[in-house]
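Have a look at the structure below before the remarks.
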Amino acid sequence: MGRSIFRPEGPVWNICNTITDTLLLSGLWCLCSLPLVTLGAATTALYDAAVHGIRCREAGTYKRFFRTFKAEFRTSVPVTLVWGGVCLFAVYVLALLDEAAAESTQAALMAGGYRALLALPMCVFAWSCMLLSRFTYRFRELTGNALRFLPAHLLPSVAVAAMTWAVCWYVARYPIGLFFAPGVLAIGWSLVAEPVFKKYGGAVLPEKSKKE
């Protein structure tokens, strides 16, 4: 039994590989996101590599990351500029509301509602990166589909927004989370996004499912 547990395809090795890949992909995402304008390309590459490399156990995880990063760079730049700019402005307004909330109950209520509203551009950015990892789009088509996904797939969108908010909150308070949180978030996204992609013929199934 011990041999079966510790064999290269066994559960212990799978867990170790998952942890290692999550840490390394998170590190690659951080490095590739440093110029900021590359945030969309890095997120697209992270999601693609996490689904294929971690969830599906396909070989060449890191080569896939850089290949996707390069292939989707051009389309992802305007995604980053538009939705990244919207998110930055929204965060600035939220900071002003939080300052006012200390002296006004009305401002506190507005700040709470505004946090929920801020999830919308974050969710559009997330869907844009996930869609771009799976389908070929120009910026206008990509943005239109990402916006349509919000009401068309409301529950998955809420889940994506909640996970993204939780990770952003955690990393803002504990920056060490950057070493693992991006990879964990990409895996979390895939749990709700892949069933949606399956409806459009774009899901990536784990190897077990493919064989069955």
Side-chain angles (χ1 to χ4, degrees), residues 17-18 20-88 121-150 153 156-157 160 163-164 167 178-207 209-210:
N17 286 336
T18 297
T20 301
D21 288 340
T22 301
L23 293 175
L24 291 177
L25 285 175
S26 296
L28 287 176
W29 180 87
C30 290
L31 288 174
C32 292
S33 297
L34 284 177
L36 296 183
V37 73
T38 58
L39 181 63
T43 305
T44 300
L46 173 65
Y47 182 80
D48 191 46
V51 171
H52 286 271
I54 296 178
R55 291 203 62 193
C56 297
R57 298 295 177 192
E58 296 179 10
T61 301
Y62 308 110
K63 287 183 180 179
R64 187 176 193 95
F65 178 94
F66 288 110
R67 185 168 65 248
T68 303
F69 181 89
K70 182 179 179 181
E72 308 303 343
F73 178 81
R74 186 173 180 178
T75 305
S76 67
V77 168
V79 171
T80 304
L81 293 176
V82 171
W83 296 109
V86 170
C87 287
L88 282 176
M122 294 169 63
C123 195
V124 174
F125 175 80
W127 275 122
S128 296
C129 293
M130 289 187 284
L131 284 165
L132 193 57
S133 76
R134 197 59 44 79
F135 306 100
T136 301
Y137 289 113
R138 292 182 179 180
F139 171 70
R140 186 174 179 179
E141 298 169 330
L142 177 63
T143 302
N145 282 323
L147 287 169
R148 282 191 287 271
F149 263 49
L150 291 179
H153 305 286
S157 295
V160 167
M163 286 186 282
T164 306
V167 168
L178 281 172
F179 289 104
F180 61 88
V184 172
L185 180 59
I187 295 171
W189 282 356
S190 74
L191 295 176
V192 296
E194 291 306 309
V196 173
F197 290 154
K198 187 177 181 181
K199 299 177 182 178
Y200 300 94
V204 177
L205 301 176
E207 290 299 321
S209 299
K210 288 181 181 177

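What you see is a predicted model, and the numbers here were worked out from it, not measured in a lab. Atoms considered below: every heavy atom in the structure, side chains included; atoms not considered: hydrogens, waters and symmetry mates.
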Side-chain contact test, heavy atoms from C-beta onward, threshold under 4.5 Å: evaluate it for L132 versus T75 and give yes or no.
-> yes
If you look only at pairs with a residue in residues 23-40, which of them pass as a salt bridge (Lys or Arg N to Asp or Glu O under 4.0 Å), with sequence neighbours excluded?
-> none
Across all chains, not counting sequence neighbours, the ring-ring contact (aromatic ring centres under 6.0 Å, His included) partners of H153 are F149, Y200
With sequence neighbours excluded, what pairs up with S26 under the side-chain contact (heavy atoms from CB on, under 4.5 Å) test?
-> T22, P182
With sequence neighbours left out, write down each residue that passes side-chain contact (heavy atoms from CB on, under 4.5 Å) with L31, or none if nothing qualifies.
-> L34
Applying side chain to side chain donor-acceptor pair (under 3.5 Å), name anything that partners S76, two or more places apart in sequence or on another chain.
-> none
Which residue pairs pass the salt bridge (Lys or Arg N to Asp or Glu O under 4.0 Å) test with at least one member in residues 38-51, sequence neighbours excluded?
-> D48-R64
Considering residues at least two apart in sequence or located in another chain, which fulfil the side-chain contact (heavy atoms from CB on, under 4.5 Å) criterion with L23?
-> I19, F180
Of all pairs that satisfy side-chain hydrogen bond (donor to acceptor under 3.5 Å, both in side chains), the ones with a partner from residues 31-47, not counting sequence neighbours = W29-T43, Y47-E194
Could I get the full list of side-chain contact (heavy atoms from CB on, under 4.5 Å) partners for C87, not counting sequence neighbours?
-> P121, M122
Within a radius of less than 6.0 Å around CZ of R74, do more than 12 heavy atoms belonging to other residues, nucleotides or ligands occur?
-> no
With a 4.5 Å limit on heavy-atom distance, are the side chains of Y62 and L25 in contact?
-> yes
Mind checking what makes side chain to side chain donor-acceptor pair (under 3.5 Å) contact with N145, not counting sequence neighbours?
-> Y137, R148
Mind checking what makes side chain to side chain donor-acceptor pair (under 3.5 Å) contact with T18, not counting sequence neighbours?
-> R57
For M130, does its backbone N or O pair with a side-chain atom of S133 as donor and acceptor, under 3.5 Å?
-> yes
Side chain to side chain donor-acceptor pair (under 3.5 Å) involving W83 - partner list, sequence neighbours excluded = none
What is the minimum heavy-atom distance between W189 and M163, and which atoms define it?
-> N-CE, 3.9 Å
Okay, side chain of T80, backbone of G40: is any donor-acceptor separation there less than 3.5 Å?
-> yes
Can any side-chain N or O of T20 pair as donor or acceptor with the backbone N or O of N17 at less than 3.5 Å?
-> no
